[in-house]
Amino acid sequence: MACGLQIKDEESSYNKNLFCIPKHYEEDLERVFIPHGLVLDRNGECLARDIIQDMGSHHIVALRVLKGGYKFFADLLDHIKVLNQNSDKSVPITVDFVRIKSYCSDSPTEKINIIGEELSTLNGKNVLVVEDIIETGRTMRALLSKLKDYKPKMVKVLSLLIKRTHQSSGYKPGYTDKFVVGYALDYNEYFRDLNHICILKEKAKEKYKI
Ligand code: IMP
């Protein structure tokens, strides 16, 4: 599968006044990090085609990691559906869900809670895990280890965002170290109703803290 779009820190944000932002969040956001149009364009036919090419030899189960990934997931499935309808070769896709709670406010919780549905449907299938954001990879490692128990034929992970983090080598502080919200990414459940992926202001973290 083709690797993702690299967004460099120095070119990675826009003045929020140039975009449509819901009034109730105007004071909470620092900058627009990734405009909605760019997300939609990248998460388009091209990504769907890569997935079908890599995994389309066999029934695919798209496993949505709740709650964050819902916009990314829904838009991606729409594109795969269009491809399936318009090409000579098509592949059945079913969906399943798993809920993971690994963050409280902007800090990782000690224990990763995987609240599973009945996942025995993954047995022998090509599983596409769709996640919203990977930071340290701790959450994904825990999920992949659980998925092994169900003996899928193949597992691939697709993440909307992968943060550069101080825990990987070559770390350079920048916007990617900030907390981002929007396009269903949340801060304590707020900001899912925002189209653009934006950088949260420090003072907004206090405002919405639980
Ligand atoms: P990891 O386990 O460190 O890779 O963290 C991944 C999880 O942390 C994601 O599933 C999100 O729930 C959450 N997360 C990490 N950074 C952000 C962020 O900037 N915005 C929203 N959620 C985040």
Side-chain angles (χ1 to χ4, degrees), residues 3-9 12-14 16 21-22 25 28-36 38-39 43 62-76 96-117 127-147 155-210:
C3 58
L5 190 71
Q6 291 226 10
I7 299 178
K8 295 204 176 83
D9 294 343
S12 65
S13 74
Y14 304 88
K16 67 178 180 192
I21 303 278
Y25 290 144
D28 304 321
L29 305 170
E30 208 171 291
R31 311 267 294 166
V32 170
F33 183 48
I34 310 175
H36 192 218
L38 177 56
V39 176
N43 177 20
L63 184 66
R64 182 178 126 186
V65 181
L66 296 169
K67 294 182 189 174
Y70 74 84
K71 276 296 292 166
F72 182 42
F73 189 84
D75 290 344
L76 180 75
D96 233 313
F97 306 91
V98 65
R99 177 148 194 222
I100 304 186
K101 186 102 181 98
S102 60
Y103 264 60
C104 180
S105 299
D106 59 344
S107 312
T109 52
E110 213 160 273
K111 191 168 174 305
I112 296 176
N113 283 314
I114 301 175
I115 306 147
E117 304 291 313
V127 179
L128 176 68
V129 180
V130 183
E131 172 63 302
D132 53 359
I133 186 162
I134 293 178
E135 188 167 10
T136 62
R138 207 171 68 100
T139 310
M140 192 46 65
R141 262 200 307 275
L143 176 61
L144 292 178
S145 147
K146 183 176 161 99
L147 293 187
V155 179
K156 295 249 177 190
V157 178
L158 179 65
S159 181
L160 170 64
L161 296 174
I162 301 175
K163 275 193 191 180
R164 281 185 286 275
T165 156
H166 54 279
Q167 301 204 14
S168 68
S169 58
Y171 170 68
K172 196 169 136 258
Y175 277 123
T176 40
D177 198 33
K178 304 246 178 176
F179 204 79
V180 292
V181 292
Y183 194 61
L185 285 160
D186 75 307
Y187 181 82
N188 291 336
E189 299 302 326
Y190 289 93
F191 303 99
R192 294 196 198 275
D193 55 337
L194 172 70
N195 277 343
H196 309 294
I197 298 177
C198 297
I199 297 161
L200 195 62
K201 276 186 182 166
E202 284 304 313
K203 69 174 190 203
K205 291 183 183 173
E206 271 309 306
K207 179 173 163 188
Y208 295 99
K209 210 169 184 88
I210 48 172

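Being a predicted model, the structure only gives us computed values, none of them experimental. Order of listing sets the numbers, starting from 1, for every ligand and every atom in it.
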Distance under 4.0 Å to a non-hydrogen atom of [X]: what atoms of ligand 1 satisfy this?
{"X": "Arg138", "result": "2 (O), 4 (O)"}
{"X": "Thr139", "result": "1 (P), 2 (O), 5 (O), 6 (C), 7 (C)"}
{"X": "Thr136", "result": "1 (P), 2 (O), 3 (O), 4 (O)"}
{"X": "Asp132", "result": "9 (C), 10 (O)"}

Say whether [X] and ligand 1 are in contact under the criterion: heavy-atom distance to a ligand atom below 4.0 Å.
{"X": "Ile133", "answer": "yes"}
{"X": "Asp186", "answer": "yes"}
{"X": "Lys163", "answer": "yes"}

Query - Any donor-acceptor pair under 3.5 Å from Lys207 side chain to Asp28 backbone - result: no
Query raised in the report: Is it true that a side-chain atom of Tyr208 and a backbone atom of Asn188 form a donor plus acceptor pair closer than 3.5 Å?
Result: no
Query raised in the report: Among all residues two or more places apart in sequence or in another chain, which pass the salt bridge (Lys or Arg N to Asp or Glu O under 4.0 Å) test with Arg192?
Result: Asp186, Glu189
Query raised in the report: Looking at ligand 1, does any of its N/O atoms fall within less than 3.5 Å of an N/O of Val180?
Result: yes
Query raised in the report: Taking N or O atoms only and a 3.5 Å limit, does Ile134 qualify as a polar contact for ligand 1?
Result: no
Query raised in the report: Does atom OH of Tyr190 have more than 12 heavy-atom neighbours from other groups under 6.0 Å away?
Result: no
Report task. For ligand 1, note which part of Glu131 has a heavy atom under 4.0 Å away: side chain, backbone, both or neither. Result -> side chain
Requested in this report: For the residue pair Phe73 and Phe97, categorise the inter-ring angle as parallel (less than 30°), tilted (30 to 60°) or perpendicular (more than 60°).
Outcome: tilted
Query raised in the report: Atom OH of Tyr183 and atom NE2 of His196: how far apart are they, to the nearest 0.5 Å?
Result: 12.5 Å
Requested in this report: For the pair Lys203 and Glu206, find out whether any cationic side-chain nitrogen is under 4.0 Å from an anionic carboxylate oxygen.
Outcome: no
